[in-house]
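Numbers here simply count residues along the sequence, with the first being 1.
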Amino acid sequence: MSIDKKDDNFVVIEPAVSISEGHSDDLYNLASRVRTVRSHTGAGEVNYINSVQSVSDNQLLAEIGYKPELKRQFSTLQVFGIAFSIMGLLPSIASVMAGGLAGGPVSLVWGWFSSCIGILIVGITMAENASAIPTAGGMYYWTYYYAPKKYKAVLSFVVGCSNSLALVASCCSINYGFAEEVMAAVFLTYDGAVTVTSGKLYGIFAGATVVMAMCTCVASGAIARLQTVSIVSNIFIIILFVIAVPIGTKANIGHFNDGKYIFGHFENLSDWNNGFLFFLAGFMPAAWTISSFDSCVHQSEEAKDAKKSVPIGIIGSITACWILGFLIIICLCACMDTDLDRLVNSDTGFAMAQIIFDSLGKRWAIAFMALIAFCQFLMGASIVTAISRQIWAFARDDGLPFSNLIKYVDKRYQVPFNSVIAAAITSLLLGLLCLINSQATAALFSLSVAGGYIAYLIPTVLRLTVGRDVFRPGPFYLGKFWSPIVAWSSVVFEIWIILLEMFPAQQHHIDKSTMNYSCVIGPGTCLLAWIYYRVWKHREYIGPKSNLSDEDYKEALGPAVLDDIIMGMEP
């Protein structure tokens with residue numbers, strides 16, 4: 001290896017400095033520190049990040065470009081817990097079950113199983129990205145890192161907006177589901193003598209959002225412990241459900257639906273053709289339920305050993321929900337009434353509530369809906385945490401209006417209180433859609449998935465193309481052969497899900513009351529973000545901004561690491 005000094009601030013080092021997956025060979029020494037590499041495939045100049053060789057979370061965060069401002073309290077189990085809590089398996093299935101039954105048990109059972117394969121592939125690719133660059137900014141940071149030099153800032157800004165909007169929409173859809181579950185319990189309690197209105201639902205939604213924000217405004221350690229509570233609560237309700245409902249079905253109904261019905265009965269409740277309906281009805285329940293796993297990424301700067309714990313959290317939560325959800329759906333299809341129209345259009349407003357009522361009676365149904373609502377509340381509290389960390393990270397880089405206010409972190413509690421408040425306010429505003437009609441409400445569910453998948457898609461495509469030579473894999477990596485195969489497969493699946501989320505529930509006679517507003521809000525947000533950036537925001541947002549001084553950087557890495565980087569040697 002040769003070192004050629006051109007002047008005091010510029011050092012050229014032969015490719016030995018890059019690990020096997022990197023081909024960048026220019027390192028810059030600015031004021032005695034090595035911080036950037038230059039891509040030869042189009043990504044320009046980016047931070048030198050090597051998570052495999054980093055020896056501490058703070059060293060890796062310094063290479064990414066930031067100083068630690070949040071307290072690292074999340075264990076690997078708690079990182080898993082925040083995604084598992086947001087997925088909230090039984091409450092989530094309860095929220096979207098009616099849509100899945102539009103194609104009968106076949107669409108619900110096999111749609112869940114097959115779509116989860118694609119979701120896991122997406123999660124594995126995200127886990128690779130997170131292991132390489134674990135930062136709270138996640139998708140928008142990765143986009144900037146791998147994007148062509150000319151489009152780095154604008155693409156990063158669009159992805160940051162899309163990811164933020166998707167998380168807010170997830171919060172809205174979760175909290176709306178919570179409101180429906182509460183009203184279903186009230187409906188059962190008063191034997192149907194209560195009218196469920198959009199105003200009442202929004203009132204519960206708004207109250208829940210405010211309380212969730214208050215719960216999130218606590219010390220990082222308390223938020224971490226809340227994830228453990230959520231894991232236990234969700235597992236408990238699942239076990240109780242798969243034991244009690246079959247027992248009640250046998251005692252009160254006298255029989256179960258057979259395997260031929262559960263795994264082979266298709267029934268079209270829409271005007272779409274059977275083949276397309278299978279995907280439309282079958283894929284959406286899992287795509288919405290097993291979503292927002294990027295929440296693990298947004299906790300990167302509060303996670304211990306983030307380059308390993310975040311990938312474990314992503315893949316572990318997806319896998320657990322895939323398997324447990326499949327078993328729950330089989331149990332539901334075995335115990336439910338075969339009159340699907342009665343379930344989908346239940347007076348309770350909830351197919352799940354009707355199934356439990358039929359099997360166990362009024363008291364058990366009320367109790368189950370209360371437990372489901374409690375777990376749904378924990379889901380909402382976790383998603384507010386994830387939103388606040390994404391918003392905080394984006395504001396730290398001046399990507400939002402009022403960024404100076406939003407990015408403030410309380411020095412005593414090490415919690416970004418203002419970003420939590422901002423998350424709650426944006427959720428309350430977007431949630432006003434539920435006052436329009438049911439289709440506008442459904443757009444919240446679709447938008448949470450479509451917006452998220454747009455944010456997942458762009459950095460992966462860029463990593464595989466113009467940024468391929470600056471990608472240095474972290475501890476979680478599938479290798480040179482399997483990694484690009486899995487990553488490109490995730491791209492195909494993401495595009496498919498985004499397209500599916502844009503279609504309305506019915507094919508014909510589409511009007512303002514039946515259209516899917518996601519096809520307007522989702523792409524419209526990206527387009528408006530692009531225009532807003534070109535017209536105004538380019539003055540403030542130039543991409544991720546390092547808040548480390550030269551001395552901070554040298555202190556975080558240490559002289560030995562700096563010498564090893566310069567000499568192209570492994571620590």
Side-chain angles (χ1 to χ4, degrees), residues 88-102 104-105 108-109 112 174 176-197 200-201 204 208 232-263 265 267 269 285 289 324-379:
L89 205 50
L90 190 61
S92 292
I93 292 174
S95 296
V96 296
M97 183 182 177
L101 284 175
L108 192 60
V109 173
W112 179 280
I174 287 170
Y176 186 81
F178 170 80
E180 287 186 313
E181 288 155 4
V182 170
M183 286 305 300
V186 172
F187 183 92
L188 291 169
T189 300
Y190 292 97
D191 297 316
V194 175
T195 302
V196 179
T197 65
K200 291 177 182 177
L201 289 171
I204 297 171
V232 173
S233 300
N234 276 286
I235 294 297
F236 169 76
I237 195 173
I238 290 171
I239 293 173
L240 181 63
F241 179 85
V242 297
I243 292 174
V245 172
I247 291 175
T249 300
K250 183 66 175 178
N252 297 321
I253 298 177
H255 69 278
F256 299 105
N257 298 321
D258 59 23
K260 184 177 179 180
Y261 179 83
I262 297 170
F263 299 106
H265 180 73
E267 187 173 336
L269 300 184
T289 299
L324 292 175
F326 189 61
L327 296 177
I328 290 170
I329 288 171
I330 291 173
C331 179
L332 282 166
C333 291
C335 298
M336 70 185 186
D337 188 351
T338 56
D339 185 352
L340 299 183
D341 186 69
R342 173 175 173 269
L343 295 178
V344 171
N345 299 301
S346 169
D347 290 337
T348 65
F350 236 58
M352 177 76 81
Q354 189 63 56
I355 293 171
I356 298 172
F357 181 85
D358 292 343
S359 297
L360 296 170
K362 175 181 174 180
R363 291 185 178 179
W364 271 97
I366 295 170
F368 258 109
M369 293 313 298
L371 288 172
I372 288 172
F374 173 73
C375 290
Q376 188 101 351
F377 180 86
L378 294 177
M379 289 171 61

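Residues passing the side-chain hydrogen bond (donor to acceptor under 3.5 Å, both in side chains) test with Asp339, sequence neighbours excluded: none. By the side-chain contact (heavy atoms from CB on, under 4.5 Å) test, Leu201 is found to be paired with Tyr176, Ala179, Glu180, Met183, Val196, residues two or more places apart in sequence or in another chain being considered. Among residues two or more places apart in sequence or in another chain, the ring-ring contact (aromatic ring centres under 6.0 Å, His included) test is passed with Phe263 by Trp110. Legend: residues meeting salt bridge (Lys or Arg N to Asp or Glu O under 4.0 Å) with Lys250, ordered by chain and number and at least two apart, are absent. The side-chain hydrogen bond (donor to acceptor under 3.5 Å, both in side chains) test applied to Ser359 returns Thr249, not counting sequence neighbours. Here Arg342 pairs with Asp337, Asp358 under the salt bridge (Lys or Arg N to Asp or Glu O under 4.0 Å) rule; sequence neighbours left out.
Considering only heavy atoms from C-beta on, Ile329 stays 4.5 Å or farther from Pro105 through its side chain. Looking only at side-chain heavy atoms (C-beta outward), Met336 and Leu101 come within less than 4.5 Å of each other. In this structure, Met352 and Ser95 have side chains that are not in contact, with every pair of non-hydrogen atoms separated by 4.5 Å or more. At least one side-chain heavy atom of Leu240 sits under 4.5 Å from a side-chain heavy atom of Leu371. Taking 4.5 Å as the limit, every side-chain heavy atom of Met97 sits out of range of all side-chain heavy atoms of Pro285. Residues Met369 and Val182 are not in side-chain contact: their nearest non-hydrogen atoms beyond the backbone lie 4.5 Å or more apart. A 4.5 Å side-chain heavy-atom check between Phe326 and Val109 finds at least one atom pair inside the cut-off.
The closest donor-acceptor contact from the side chain of Lys362 to the backbone of Phe357 lies at 3.5 Å or more, if one exists at all. A donor-acceptor contact shorter than 3.5 Å is absent between the side chain of Asn257 and the backbone of Ile262. Under the 3.5 Å distance criterion, the side-chain polar atoms of Glu267 are left unmatched by any main-chain donor or acceptor of Ala102.
For the side-chain contact (heavy atoms from CB on, under 4.5 Å) criterion with Ile93, the lone passing option out of Ile328, Ile372, Ile238 is Ile328.
Minimum heavy-atom separation, Ala208 to Phe377: O-CE1, 4.1 Å.
In the displayed structure, Phe374 atom CZ is contacted under 6.0 Å by at most 12 heavy atoms of other residues, nucleotides or ligands.
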